[in-house]
There are 2 protein chains.
Amino acid sequence: MTVKTLRLNTRDRETIMKCQLFGGVRPETAARLLDGALVSSHEAGDILFREGEGIDSLMVVLNGLVRVYRSGREGREADLGVFTAGDVFGECAILSRGRVAGAHGQALEPSLIAHIDMHRARQMLAEDPSFASAVMTLLCQRLHDLQDSLAEDRLLTAHQRVAHYLLRHCPEGQAPVSFRLPFQKSVLAGKLGLAPEALSRAFSHLRQRGVVVRGRVIEVHDKDALREA
Amino acid sequence: MTVKTLRLNTRDRETIMKCQLFGGVRPETAARLLDGALVSSHEAGDILFREGEGIDSLMVVLNGLVRVYRSGREGREADLGVFTAGDVFGECAILSRGRVAGAHGQALEPSLIAHIDMHRARQMLAEDPSFASAVMTLLCQRLHDLQDSLAEDRLLTAHQRVAHYLLRHCPEGQAPVSFRLPFQKSVLAGKLGLAPEALSRAFSHLRQRGVVVRGRVIEVHDKDALREA
């Protein structure tokens, strides 16, 4: 259960004001949205909401990691999104009273989540076109991300999906480059629609394309080879 | 190439006014959106737009069938959506000038497509909150559909995906029921992320669950057995 007890502190407000949703929103609107916002604190593994439950707040990850997923038979799960600090979720419930969650939400690390009252968000949506436009931009971004995931699932092999992810996330510049995965490999596996074993096999396969994995640190020795994976 | 030559006739206007996007929109706004709208006519197979190209209209299928898809290597394709009469697409380009298509669009049957000028749609978005709310509802519906597809791809076997589709689309009431697929089986295969052969195998597998297929006509003899597929 989500217990919201804390008020936003200055750093929380900064995190929220920097997130994509608040980018183009009028300062007065942002202030009204954040007025009365609360923060909930979660352990790794905590369920934030379940599919079919009502959602009464627009949520922003202040700290930690949240995944949104659906459950199938025999305990199988399908990840639909992973959200890190500054990411917004729950935006689909903004449209009407009683709108329910389309999936489950779970904290994967100790997490702090800001909750913006949904009733107030709906009011702002009707009053301020800059906020409506920001929400639409967020929805379109989410649509695009989901289209990417669906197309990658349908078009790419496991090692191609991993290669794409690495190319999108590795630093600019001449190889060799190295970077740290923003989360555990099991989270990456879920995000890419792979079983953890399939991710391991994909990493092994990519060794011949110049990818070296040390824990969460990834070294890419040859970007061109990776593009051709 | 899309050549828009026709003006909307009365039946076209009726089709558009009945579509989800126009449901809650103020009549004056609807009238302004439709004023100046044009119709393009396409053969089966025509490409309507390509990924990366600018989109200058919000499109409504008046007649026919449109699929939206991405291309991969070696001619592989991944369907992201199939749209029939009354469906709207291209809505993601409404947000900003120069927004480009995130996928290809293709007519699968001889099709008539209404084009609502995107510039005007953006103007209406800024002026009328009822239209902004309708666009947001459409975006959320699309998001939900894409989440369904991604979750089904990741959680269900081929025959389970087909069983789900049949259960969602077969008529209410006591079995046996029968209904006609709204499009060819090859389109259904693409929509469900299956190769045509995999769809055939799934239909064969479902015969033991009381599904009889005759061309595009599907008979479901035992809904409970299908639910347990």
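Chain identifiers are assigned alphabetically (A, B, ...) following the order of the sequence lines, protein sequences preceding nucleic acid strands; residue numbering begins at 1 within each chain. What's counted below: heavy atoms across the whole structure, side chains too, no hydrogens, waters or symmetry copies.
Contacts with chain B (heavy atom to heavy atom, under 4.5 Å) involve these residues of residues 130-138 of chain A, listed by number: A:Ala132, A:Ser133, A:Val135, A:Met136, A:Thr137. At a heavy-atom cut-off of under 4.5 Å, chain A is reached by B:Lys191, B:Leu192, B:Gly193 from residues 191-207 of chain B, listed in order of number. For residues 149-160 of chain B, the interface with chain A (any heavy-atom pair closer than 4.5 Å) comprises B:Ser149, B:Leu150, B:Ala151, B:Asp153, B:Arg154, B:Leu155, B:Gln160, sorted by residue number.
Across all their heavy atoms, B:Pro129 and A:Ala126 have their closest contact at CG-O, 4.3 Å.
The neighbour count for B:Gln184 CD, taken as heavy atoms of other residues, nucleotides or ligands under 6.0 Å away, does not exceed 12. Surrounding CZ of A:Arg216 are more than 12 heavy atoms belonging to other residues, nucleotides or ligands, all under 6.0 Å away. With a 6.0 Å radius and a threshold of 12 heavy atoms from other residues, nucleotides or ligands, B:Glu77 has its CD atom above the threshold.
With respect to chain B, the highest number of heavy-atom pairs below 4.5 Å among A:Ala103, A:Ser71, A:Gly72, A:Gly102 belongs to A:Gly72.
A search for ring pair (Phe, Tyr, Trp, His ring centres under 6.0 Å) contacts involving B:Phe183 returns nothing, not counting sequence neighbours.
Residues A:Asp148 and B:Arg70 are in side-chain contact: their nearest non-hydrogen atoms beyond the backbone lie under 4.5 Å apart.
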